[in-house]
Amino acid sequence: MGGFAPARRAGAALLSLEDRLFQQRYDKINEIENLGFEAYPRKYSYTHTPTQVREAFEKKEAEELDTEKPRVRVCGRLMTKRRQGKAGFCHIQKDGEQTQLYVRHDAVGERDFDLYKVLDAGDFIGCEGYVFRTKTGELTVHAENLEFLAKAISPLPEKYHGLQDIETRYRQRYVDLFANEDARDVFVKRNRMIKALRGALDSRGYIEVETPMMQQIHGGALARPFSTHHNALDMDLFLRIAPELYLKRLVVGGLDKVYEINRNFRNEGLSMRHNPEFTMLEFYQAYSDYRDLMDFSEELLRTAAEAVLDGATKARFREQDVDFAKLARFTLREAICELWPHPGDKPTLEDLKDLERVKQFVAVHNQNADKKINLRDGVTLGTALQLLFEETCETRLVQPTLIYEYPVEASPLSKQKPDDPDWVERFEIYAAGMELANAYSELNDPQEQRKRFELQVAMQAHDAEAHQMDEDYLRALSYGMPPTAGEGFGIDRLTMILTDSPTIRDVILFPLLRPEGEIGMAERLRAAETSTGGET
RNA sequence: GGGGCGGUAGCUCAGUCGGUAGAGCAUCGGCCUUUUAAGCCGCUGGUCGUGGGUUCGAGUCCCACCCGCCUCACCA
């Protein structure tokens with residue numbers, strides 16, 4: 001089970017042996033207050049964060065600091081504590097960086113040194129003093145007074161190994177974030193990436209918008225939704241699986257360049273690449289087609305990579321280099337031919353025009369691969385090709401690659417190729433074997449859109465993910481939507497690659513987990529309160 | 001949902017053939033005024049995920065369940 005063990009029997013009047021650590025720490029609140037400190041005071045005015053201490057003084061020699069004795073006020077969470085009699089060293093951590101304090105009895109006085117003695121790892125303190133270098137050269141604050149800022153009652157993970165238990169890291173991300181530097185770093189980088197993407201879109205005149213999370217008709221993608229209910233209106237609602245149809249309504253309304261960075265919700269399985277709620281960047285650009293978005297996508301990916309990788313484009317993900325400097329480009333059919341993994345004749349573009357030939361290649365694949373392709377009766381050429389592509393190519397697209405031209409059957413919102421109506425003007429971007437983005441020339445002919453919806457509705461009988469009819473969307477298109485191209489980017493997956501995080505749970509602060517059962521913290525606190533002041 | 005692996009002290013982990021529970025760190029007590037995985041001495045700390053079963057005896061073997069990880073299926 002992992003994690004911090006729950007409190008034992010409810011109503012246990014005696015000090016449970018197992019809760020001793022917790023109780024000991026709790027009892028220190030009294031000791032701290034008896035020294036004249038508040039256990040949970042209001043604020044602390046600091047002059048330097050640990051980072052600022054480093055930046056301000058790292059170039060100064062020990063002698064220089066000894067002369068200047070620069071004064072600072074620092075604060076943070078106590079992470080380590082070493083004491084030798086009437087002095088000691090400790091590290092406090094703030095904003096992911098640490099500063100060492102040197103606390104001497106003769107410098108801080110009786111009361112503050114008594115405080116130092118009872119401090120536990122995890123407590124928050126403030127410290128005023130001057131900066132010097134120890135004999136090993138570490139920048140350190142020579143304390144002249146201490147303030148107590150907040151008590152940590154629960155014990156911290158071991159300082160050397162940190163918090164290793166994966167389950168606890170996800171369930172108690174608040175511990176993971178301060179105990180494991182890498183965990184914090186992922187989310188800082190994720191934010192840098194999102195800011196860079198926003199900047200790239202904003203500077204091109206895009207408007208950021210927020211469209212409904214709760215929708216009466218779940219559209220814009222093929223996926224199973226979460227459903228909920230609004231009481232006052234007695235109305236069933238779905239959490240959105242995509243913002244697409246609302247963003248395109250905005251293009252109808254004249255917001256020619258719009259984007260949204262927000263959550264989508266899909267009621268499907270969890271995996272290293274899937275979390276039920278995930279973050280998409282979705283953007284639309286009027287008077288453009290999918291080809292215009294190809295170059296822009298390349299730029300956006302490079303921008304994101306550089307933001308995370310300090311100007312570099314080559315990420316290291318699961319022992320492989322993934323270089324976002326450029327995007328290789330293939331049509332879906334070219335990819336099948338070029339990347340054909342099995343022995344024997346490779347398919348040619350000519351072969352892929354014939355369903356029977358394609359079925360033969362599917363059979364070859366099924367002979368050579370563990371994972372078989374199951375073609376339904378009456379399968380269309382396009383669907384067969386898409387399945388063949390997904391099975392033979394997808395995981396092998398490690399370097400960022402743009403795959404374009406998709407079969408019309410699986411693309412109910414995309415515009416057809418003018419010379420080949422079985423195929424649509426659509427591309428997807430793959431990297432590290434994962435789909436990262438999906439883009440197309442938006443279907444803006446309401447008559448054709450109506451037919452596509454009707455095809456989807458007909459599929460609903462055997463396909464829970466089929467698209468619903470959306471009357472209002474058709475009405476919007478009937479007012480005219482300019483030629484438009486749109487794209488969705490999977491933010492979590494891109495973050496995975498750029499931060500070398502093998503699972504999506506490592507880039508989502510609070511990934512979905514099963515309920516963990518009774519935690520018992522209220523009971524534990526209740527017990528701690530009633531046994532305080534008793535015999536110890 | 002199927003398959004594989006795992007859950008032992010607050011944390012990180014050992015635990016042999018089934019023989020009655022171990023280490024390091026942390027905590028607690030003592031010594032220590034430049035340490036940094038501080039050090040030295042001493043003491044604590046466990047319904048071995050939960051519930052059954054087999055056995056003279058179960059952390060260990062069997063069954064069921066819970067939680068997690070990996071994997072398969074659907075998906076971005």
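Reminder, nothing fancy here: chain letters follow the sequence lines and each chain counts from 1. Computed over heavy atoms, backbone and side chain alike; hydrogens, waters and symmetry mates excluded.
At B:G68, none of the side-chain N or O atoms of A:Arg169 fall inside 4.0 Å of OP1 or OP2 (strictly under the cut-off). Between B:C32 and A:Lys86, no contact under 4.0 Å exists linking OP1 or OP2 to a side-chain N or O.
Going from the C1' atom of B:G51 to that of B:C11 covers 28 Å, rounded to whole Å. Of the C1' atoms belonging to B:C67 and B:G15, the separation is 23 Å, rounded to the nearest Å. Between B:C66 and B:G30, the distance separating the two C1' atoms is 45 Å to the nearest Å. The separation of B:G29 from B:G45, taken at their P atoms, amounts to 16 Å, rounded to a whole angstrom. Rounded to the nearest Å, the gap between the P atom of B:A9 and that of B:G4 is 26 Å. The separation of B:U55 from B:U60, taken at their C1' atoms, amounts to 13 Å, rounded to a whole angstrom. Spacing of P atoms, B:G59 relative to B:U34, comes out at 49 Å, to the nearest Å. Rounded to a whole angstrom, the distance from the C1' atom of B:A64 to that of B:A37 is 43 Å.
With a 4.5 Å cut-off on side-chain heavy atoms, A:Arg82 and A:Gln100 count as touching.
Using a 4.0 Å heavy-atom cutoff across all strands shown, A:Glu138 reaches at least one base atom of the nucleic acid. Using a 4.0 Å heavy-atom cutoff across all strands shown, A:Phe489 reaches no nucleic acid atom at all. Base engagement by A:Arg273 is indicated by at least one non-hydrogen atom pair under 4.0 Å involving a base atom. A:Arg133 comes within 4.0 angstrom of no nucleic acid atom, judged by non-hydrogen atoms across all strands. A:Thr134 comes within 4.0 angstrom of a nucleotide base, judged by non-hydrogen atoms across all strands. Backbone-only contact: A:Gly162 has heavy atoms under 4.0 Å from sugar-phosphate atoms and none from a base. Residue A:Lys28 is in sugar-phosphate contact alone, with no base atom involved, counting any heavy-atom pair closer than 4.0 Å across all strands shown. Residue contacts for A:Tyr430: at a heavy-atom cut-off of 4.0 Å it reaches no nucleic acid atom on any strand shown. At a threshold of 4.0 angstrom between heavy atoms, the contacts of A:Met434 with the nucleic acid are absent. Residue contacts for A:Arg224: at a heavy-atom cut-off of 4.0 Å it reaches no nucleic acid atom on any strand shown. Looking at heavy-atom distances under 4.0 Å, A:Thr503 makes contact with sugar-phosphate atoms alone, never a base. Within 4.0 Å (heavy atoms only), A:Asn267 reaches no atom of the nucleic acid at all.
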Under 3.5 Å, which N/O atoms of the protein pair with N/O atoms of nucleotides 22-25 of chain B?
from: B:G24; atom 1: N2; to: A:Glu158; atom 2: OE2; distance (Å): 3.4

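If you check B:C25 for Watson-Crick or wobble pairing at under 3.5 angstrom, you find it paired to B:G10. Base pairing of B:G1: its partner is B:C72, meeting the Watson-Crick or G-U wobble criterion (both donor-acceptor distances under 3.5 Å). Base pairing annotation: B:C48 forms no Watson-Crick or G-U wobble pair, as no partner gives both donor-acceptor distances under 3.5 Å. Base-pair partner of B:U54: not found among the strands shown (Watson-Crick or G-U wobble, both distances under 3.5 Å).
Listed by chain and residue number, nothing satisfies the salt bridge (charged side-chain N to carboxylate O under 4.0 Å, His left out) test with A:Glu158 (two or more places apart in sequence, or in another chain). With sequence neighbours excluded, the residues that form a side chain to side chain contact (heavy atoms under 4.5 Å, CB included) with A:Glu97 are A:Pro50, A:Thr51, A:Arg54. Take A:Ala304 and apply the side chain to side chain contact (heavy atoms under 4.5 Å, CB included) test, not counting sequence neighbours, and it matches A:Met193, A:Leu197, A:Leu494, A:Leu498. Take A:Arg169 and apply the salt bridge (charged side-chain N to carboxylate O under 4.0 Å, His left out) test, not counting sequence neighbours, and it matches A:Asp176. Residues meeting the ring pair (Phe, Tyr, Trp, His ring centres under 6.0 Å) test with A:His342, sequence neighbours left out: A:Trp340, A:His365.
Note on A:Arg111 versus A:Asp114: no salt bridge recorded, every NZ/NE/NH1/NH2 to OD/OE distance being 4.0 Å or above.
Contacts classified as ring-ring contact (aromatic ring centres under 6.0 Å, His included) and involving residues 389-409 of chain A (residues at least two apart or in different chains) are given here: A:Phe389-A:Tyr430. Identified under the salt bridge (charged side-chain N to carboxylate O under 4.0 Å, His left out) test for residues 265-283 of chain A, with sequence neighbours left out: A:Arg263-A:Glu277.
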Does the pair A:Arg240 and A:Glu260 meet the rule for a salt bridge (charged side-chain N to carboxylate O under 4.0 Å, His left out), with working shown?
CA-CA 13 Å; A:Arg240 75 181 191 189; A:Glu260 177 163 7; 3.0 Å; yes
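Residues from residues 91-111 of chain A with heavy atoms under 4.0 angstrom of RNA chain B, sorted by number: A:His91, A:Gln100, A:Tyr102, A:Arg104, A:Asp106.
Atom-to-atom, CE of A:Met272 to C1' of B:G68 comes out at 14 Å; the value is rounded to the nearest Å. What separates CD1 of A:Ile519 from P of B:G10 is a distance of 17 Å, to the nearest Å.
A:Lys81 forms a cation-pi arrangement with A:Tyr116, by the criterion of a distance under 6.0 Å to the ring centre and an angle within 45° of the ring axis.
In terms of heavy atoms, A:Ala179 sits closest to A:Pro157 at CB-CG, 4.2 Å.
Residue A:Arg20 places a side-chain atom within donor-acceptor reach of the base of B:U27, judged by atom type and a 3.5 Å distance cut-off alone.
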